[in-house]
Engineer: 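Following this message is one structure expressed as structure tokens.
The chains referred to below are lettered A, B, ... by the order of the sequence lines, with proteins before strands, and numbering in each begins at 1. Model, not experiment: these values are computed from the prediction.
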Amino acid sequence: MTNKKRFYITTPIYYPSARLHIGHAYCTTLTDIFARSKRLRGYECYFLTGADEHGQKIEKNAKAAGKTPQEFVDGIVEGFHKLWNLLEISNDDFIRTTQERHTKVVQDIFTKMLNNGDIYLDKYKGWYCTPCESFWTDTQVGEDHICPDCGRPVQVAEEESYFFKTGKYVDDLLKFYDENPKFLIPESRKNEMVNTFIKPGLGDLCISRTSFSWGIPIRENPKHVIYVWLDALTNYITALGYGSDDPSKFEKFWQDPECEVIHILGADITRFHAIYWPMFLQSLGLRRPDREFVHGLLMMRDSKMSKSKGNVVDPAPLIERYGVDAVRYYLAREINFGSDGSFSPEQFVERCNTDLANSLGNLLNRTVSMINKYFDGVIPEYKGKVTPFDGEIESFTAMVIKNYEDLMDDLKITDALAMVNELSNRANKYIDETTPWALAKDESKKDELASVMYHLAMSIFVCGMLFKPVLVKSSDRIFDQLGIAEENRVYDKINEYGCLSGLKVNKGDQLFPRLDANIEVPFIKDLMGENK
RNA sequence: CGCGGAGUAGAGCAGUGGUAGCUCAUCAGGCCCAUAACCUGGAGGUCGCAGCGUUCAAAUCCUGCCUCCGCAACCA
């Protein structure tokens with residue numbers, strides 16, 4: 001694994017043509033968890049998300065809403081911020097492609113590429129649907145030459161466009177793939193890129209349009225606006241101040257080889273991130289990202305969540321009812337990161353109950369109760385491994401921490417969190433092995449009992465810390481109950497046996513109350529509009 | 001032959017060459033500190049079908065087929 005101590009991580013910038021749904025929340029939450037995890041472990045981390053605000057669709061939707069495009073996106077982006085606040089997203093910056101810090105630099109980038117010969121002016125030829133004002137490819141219009149959007153016939157049309165030359169960089173890209181096998185994860189995505197797009201012959205990329213005006217105008221030829229990808233992808237560097245008066249963040253979090261750069265993205269935009277983005281960067285003479293992680297899609301009951309099917313899940317009411325931590329936990333734990341997953345109310349309830357209520361929450365509750373009962377609420381002093389059981393749970397804990405860190409560094413978040421579950425399960429088992437209620441009846445076993453209590457408290461502390469990037473509120477509630485002072489809620493303390501000695505516990509409310517599936521499953525289904 | 005996934009216990013999923021695993025549900029037992037929770041054990045799978053494929057060894061690799069899904073067209 002890399003040992004870089006600085007870290008730059010991004011989500012895609014989402015398109016504000018409509019409200020966000022749980023799929024966007026999934027991607028952003030996972031990215032947030034990685035960012036928080038790195039920060040917690042002492043890395044200097046910069047986390048970016050944002051909005052991709054240009055394009056014909058925005059122009060059209062704004063017109064339909066009787067607003068200017070800028071007014072329109074302002075309203076939608078307001079909703080982005082609300083959702084990210086609800087989800088406790090800890091982004092350091094939020095880039096909007098309509099901001100001057102972005103538009104000006106994109107124009108500069110265009111000029112630079114034009115001057116070094118990577119961009120040329122030509123004609124884009126394709127099937128055009130006049131009512132939809134859209135170009136379509138051969139496969140899209142099919143044999144009947146019908147607009148896939150409105151079903152009306154399309155005509156051959158030409159439009160003057162600027163193109164980015166890909167041929168110049170394609171060999172370098174393939175070489176880059178070979179030299180950096182971890183660049184694109186999962187690996188099957190790389191094969192897909194090579195076999196589907198590169199081997200058949202990669203065409204030049206059209207990067208301007210004249211058919212609409214809601215975009216960044218090209219200085220050299222203002223009837224053109226820059227078309228989507230050169231505009232959108234560059235957000236990752238304009239947000240850091242590339243090409244601005246103050247490029248210090250750009251130097252620190254992008255150009256510095258000591259900084260690890262990771263993009264998290266969805267499968268549908270892999271092609272642009274994995275093929276064109278490295279080319280753009282090479283054209284500009286800049287370093288490429290270390291890794292691009294393609295996450296899976298969240299499906300709904302075996303079919304894709306989509307606006308037209310009306311089966312979109314809005315995360316906000318889920319958060320309102322179950323708390324942000326339950327939703328974050330579900331997203332990170334339930335879906336194997338990298339493959340597609342499906343959202344189901346039953347799974348949501350089960351996951352909350354099994355891992356959070358039964359295992360961890362109950363463990364905390366029974367431990368604090370016993371410390372109250374047997375030691376007047378004070379965590380006994382750590383006295384090493386009093387019985388072999390203590391040694392076992394200590395080595396088990398050390399194993400969990402090690403595996404968790406390795407898995408997290410490898411972006412295997414599902415497996416990393418499963419390690420924490422193993423620890424809380426192991427601690428529950430340790431209670432049965434040591435039978436504290438029996439030890440309590442025998443005064444000569446006082447030391448054993450004390451040691452059991454200490455080890456339980458320590459296990460819970462470790463679980464709380466390892467879960468902290470996910471359970472942003474509940475971890476602190478765990479630490480509250482264990483009596484750990486704010487300044488001692490430090491990651492490195494999880495390896496410091498003895499750090500909890502003498503703390504006064506505070507029994508609080510149930511960490512995660514058990515959910516009643518008979519009530520909650522119908523409730524969630526109702527949210528999804530399936531009971532209507 | 002457009003591209004890419006998936007098919008493993010009743011349900012939902014891990015598992016890419018070496019004695020089939022996890023969660024839930026179910027059955028039996030234990031415990032009583034705890035959130036009808038926790039712990040132990042059982043039952044339940046010829047790992048989509050075929051090849052008598054490759055191999056000392058296949059859920060895992062190869063070949064063919066079947067079924068489902070996603071992308072290509074709003075949508076991470």
Engineer: Could you tell me whether A/R321 sits above the aromatic face of A/F523, with NZ or CZ closer than 6.0 angstrom to the six-membered ring centre and within 45 degrees of the axis?
Structural biologist: yes

Engineer: In terms of the angle between their ring planes, are A/W84 and A/Y14 parallel, tilted or perpendicular, with boundaries placed at 30° and 60°?
Structural biologist: tilted

Engineer: Mind checking who B/U26 pairs with, Watson-Crick or G-U wobble, both distances under 3.5 Å?
Structural biologist: B/G42

Engineer: How are the rings of A/F348 and A/F343 set to each other: parallel, tilted or perpendicular (split at 30° and 60°)?
Structural biologist: tilted

Engineer: With heavy atoms under 4.0 Å as the rule, sort A/Y14 into base, sugar-phosphate or nothing.
Structural biologist: sugar-phosphate

Engineer: Identify the nucleotide, in any strand shown, that forms a Watson-Crick or G-U wobble pair with B/C71, with both distances under 3.5 Å; if there is none, say none.
Structural biologist: B/G2

Engineer: Is B/C52 paired to anything, Watson-Crick or G-U wobble with both distances less than 3.5 Å, and if yes, which nucleotide?
Structural biologist: none

Engineer: Which is true for A/L364 with a 4.0 Å heavy-atom rule: it touches a base, it touches only sugar-phosphate, or it touches nothing?
Structural biologist: nothing

Engineer: Round to the nearest Å and state the distance from A/D432 atom CG to B/C31 atom P.
Structural biologist: 10 Å

Engineer: What contact category does A/P12 fall into here, base, sugar-phosphate, or nothing, at under 4.0 angstrom with non-hydrogen atoms?
Structural biologist: nothing

Engineer: How long is the span from the CD1 atom in A/I207 to the OH atom in A/Y227, to the nearest 0.5 Å?
Structural biologist: 12.5 Å

Engineer: So with a 6.0 Å cut-off around NZ of A/K412, is the heavy-atom count from everything else above 12?
Structural biologist: no

Engineer: How many Å lie between CD1 on A/I264 and P on B/A76, as a whole number?
Structural biologist: 16 Å

Engineer: NA contact type, A/N362, heavy-atom cut-off 4.0 Å: base, sugar-phosphate, or nothing?
Structural biologist: base

Engineer: With a non-hydrogen cut-off below 4.0 angstrom, is A/Q510 in contact with a base, only sugar-phosphate, or nothing?
Structural biologist: base

Engineer: For B/U40 and A/K429 - does any side-chain N or O of the residue sit under 4.0 Å from the phosphate oxygens OP1/OP2?
Structural biologist: yes

Engineer: Determine: side-chain N/O of A/N358 to OP1/OP2 of B/C38, distance under 4.0 Å, yes or no.
Structural biologist: yes

Engineer: Mapping A/I13 and A/L363 to their closest nucleotides on RNA chain B, which lands nearer the 5' end?
Structural biologist: A/L363

Engineer: Select from A/I431 and A/E350 the residue whose nearest nucleotide in RNA chain B is closer to the 5' end of that strand.
Structural biologist: A/E350

Engineer: Considering every strand and a 4.0 Å limit on heavy-atom distances, what is the contact class for A/N425: base, sugar-phosphate, or nothing?
Structural biologist: sugar-phosphate

